[in-house]
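Below: the structure, in C-alpha cells.
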Amino acid sequence: MSTNTLTKETQLRLTDFFNKSIDPISMAKTIRQVNYILALSLMRESETLKFEKTSLENGFYWLNELAETLNPYLDAE
C-alpha cells in the first residue's frame, strides 16, 4: 500500500466537502451499498470479471477503505 501526501489545497477541499456537503456516515453507507450492488452484478456477469478483475478488485478495496475512513463500521466490536 502506498502512502501519498495530500496537498494543503486537497486537504482543505476534502475538509470543506465533508463539513458542508455531506454527512460522513451517510456517505459511508452509500459507498457500501454501491459496492454491494456492483459486486453482486459483477458476480452475475462473470464475463466482465475475466477482463477487468484486477481493476474491479482495486476499486472495491479502495471504496471500502474510504467507507471505513468515514465511518469505521468494520472495526467496531
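Predicted model, so just to flag it, every value in this text is computed and none were measured. Here, residue 1 is the first one in the sequence, and each next residue gets the next number.
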**Fill in**
To the nearest 0.5 Å, atom CE of M27 lies from atom CG of L66 at 6.0 Å
**Prompt:** Considering residues at least two apart in sequence or located in another chain, which fulfil the side chain to side chain donor-acceptor pair (under 3.5 Å) criterion with T7?
**Reply:** T10
**Request:** Starting at CD of Q11, measure out to CD of E9 and round the result to the nearest 0.5 Å.
**Result:** 11.0 Å
**Prompt:** Would you say N71's side chain and A28's backbone share a donor-acceptor pair under 3.5 angstrom?
**Reply:** no
**Complete:** Rounding to 0.5 Å, atoms CG (L63) and OG1 (T30) come to a distance of 11.5 Å
**Prompt:** With S26, which residues qualify under side chain to side chain donor-acceptor pair (under 3.5 Å), at least two apart?
**Reply:** D23
**Stepwise side chain to side chain contact (heavy atoms under 4.5 Å, CB included) test for K8 and R13** = CA-CA 9 Å; K8 290 288 183 188; R13 292 173 79 187; over 6 Å; no
**Request:** To the nearest 0.5 Å, tell me how far I31 CD1 sits from N35 CG.
**Result:** 8.0 Å
**Asked** Are the side chains of E65 and Y61 in touch, meaning some heavy atoms are under 4.5 Å apart?
**Response** yes
